[in-house]
S.K.: 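Sharing a structure here in structure tokens format.
We number each residue from 1, following the sequence as shown. In listed order, ligands and their atoms are each counted from 1.
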Amino acid sequence: MRAKPFPRIDGTLAAGEVPLDALAREFGTPLYVYDWAVARTNLERLRAAFGDADLLVAYSVKANGNLALLARLAGEGAGADIVSGGELHRCLLAGVPPERIVFAGVGKTRDEIAAALDARILAFNVESRGELEVIDALARERGVRARFAVRVNPDIEAGTPHEYTRTGHAATKFGVAADEALALYRWAAGRPALEAVGIDVHIGSQIVEPEPYRRALAHVLEIADRLASEGVSLRFVDLGGGYGVRYADEEAMAIETLARLVVPPVRERGLRLVLEPGRFIVGDAGVLVARVLYVKRSGTKTFVITDGGMTELIRPSHYRGYHEIEPVRERPGAPRVTADVVGPICETGDFLARERTLPLPEPGDLLAVRTAGAYGFTMASNYNGRRRPAEVLVDGDDVVLARRRESFDDLVRGERLPDGGYAP
Ligand SMILES: *Cc1c(COP(=O)(O)O)cnc(C)c1O
């Protein structure tokens with residue numbers, strides 16, 4: 001059992017050697033705090049589980065694209081799984097080698113495809129015939145060969161906590177069915193600007209059972225075998241991401257079991273394995289620190305109102321996601337209450353937790369929302385005129401302001417006043 005991230009030191013939660021209350025004092029709240037050592041350890045553990053397999057870890061940037069974090073992950077040898085031109089831009093700035101970048105997504109625009117071709121990424125994970133045709137045309141225009149993998153929809157229902165995070169069954173917009181995948185590879189075989197290099201599957205997010213991955217892999221390997229018999233030999237199989245972490249009392253993905261199931265059939269075929277973990281790397285490496293503004297009783301309910309809410313962390317509201325919430329400083333003797341922990345946003349759906357039992361805080365206290373490193377800041381918004389929060393990255397006793405808090409001017413940048421002038 002590994003140590004819990006953000007442990008208490010003398011009664012106060014800490015990132016590395018730095019107490020969270022000191023960070024809140026210096027950088028204000030709401031505040032994202034990442035512990036680099038935790039993310040690095042998660043990456044190491046994943047790699048160790050897969051042993052000497054020929055492995056590319058393509059970190060899923062949409063989980064947390066902060067440049068300071070991304071650059072460090074790239075420094076550890078990670079590649080990237082991207083879903084937009086914006087994420088490509090981020091990766092290139094952070095120094096992720098293009099030959100370690102795969103590009104997924106059902107709606108890649110021509111500009112995005114052109115930028116990825118110019119950057120010479122490892123592969124497009126293609127999600128439709130129309131997309132492959134555009135990639136072909138743009139590659140021809142440039143006189144380059146576009147490497148691609150077809151994203152297969154294996155029609156597997158993997159258990160995820162929320163329907164929005166299931167992507168591997170036929171009713172979702174992702175990937176193509178096996179027969180269409182074969183048709184795409186065959187079509188591409190006659191096109192010199194296209195090079196089939198892999199096959200891809202991604203079945204969803206926050207999956208804690210290895211078994212659906214074994215089935216998804218078997219499904220795509222059958223296609224790869226068929227292609228091999230037709231003379232199309234691929235170099236890699238991309239198993240996607242989605243390996244679950246522990247938010248409440250569920251068990252995280254047993255990554256060692258997953259590796260035992262998937263490495264042998266991939267190795268047997270001499271293929272490279274690409275994995276696209278997001279949450280598994282950064283989920284428990286981040287907390288959101290918020291300050292209690294008010295404690296309000298209304299009828300039988302208690303509301304703890306903090307300065308952070310759905311604009312900073314939308315998972316509770318959008319996915320019914322559960323996040324542990326703890327006082328940053330222990331409050332010995334505080335009575336325990338059952339309360340809704342809510343933000344200041346004008347939405348009933350603005351909550352961080354509902355019906356949660358915790359020590360009764362007082363205004364001014366700090367709360368830490370755990371396991372907020374993935375799909376936290378990346379899903380933050382400016383709704384209600386909110387400035388997106390600062391992000392701090394801690395490494396031992398070293399503290400980096402990885403992103404400053406937005407200013408009010410940031411909120412209106414690019415807008416136009418009636419007299420024709422841009423603000424600010
Ligand atoms: C979101 C996504 C991932 C990462 O999912 P996690 O649950 O964060 O591991 C990987 N691959 C693709 C294609 C995705 O869309």
S.K.: Can you give me the closest heavy-atom contact between Asp136 and Ala193, atom names plus distance?
M.R.: OD1-CB, 3.6 Å

S.K.: Supply the atom-to-atom distance Leu411 CG to Arg386 CZ, rounded to the nearest 0.5 angstrom.
M.R.: 10.5 Å

S.K.: Can you tell me how far CG of Leu138 sits from CZ of Arg110, rounded to the nearest 0.5 angstrom?
M.R.: 4.5 Å

S.K.: Between Arg405 (side chain only) and Gly28 (backbone N and O only), is there a donor and an acceptor less than 3.5 Å apart?
M.R.: yes

S.K.: For ligand 1, which of its N or O atoms have a protein N or O partner closer than 3.5 Å, and how long is each gap?
M.R.:
unit_1   : atom_1 : unit_2 : atom_2 : d
ligand 1 : 5 (O)  : Tyr375 : OH     : 3.4
ligand 1 : 7 (O)  : Ser205 : OG     : 2.3
ligand 1 : 8 (O)  : Arg279 : N      : 2.8
ligand 1 : 8 (O)  : Tyr375 : OH     : 2.5
ligand 1 : 9 (O)  : Gly242 : N      : 2.7
ligand 1 : 9 (O)  : Gly278 : N      : 3.0
ligand 1 : 11 (N) : Asp81  : OD2    : 3.1
ligand 1 : 11 (N) : His202 : ND1    : 3.4
ligand 1 : 11 (N) : Glu276 : OE1    : 2.6
ligand 1 : 15 (O) : Lys62  : NZ     : 2.7

S.K.: Using 0.5 Å steps for rounding, measure from the OH atom of Tyr243 to the OG atom of Ser60.
M.R.: 10.0 Å

S.K.: Any chance you could measure Leu352, atom CG, to Leu288, atom CG, to the nearest 0.5 Å?
M.R.: 6.5 Å

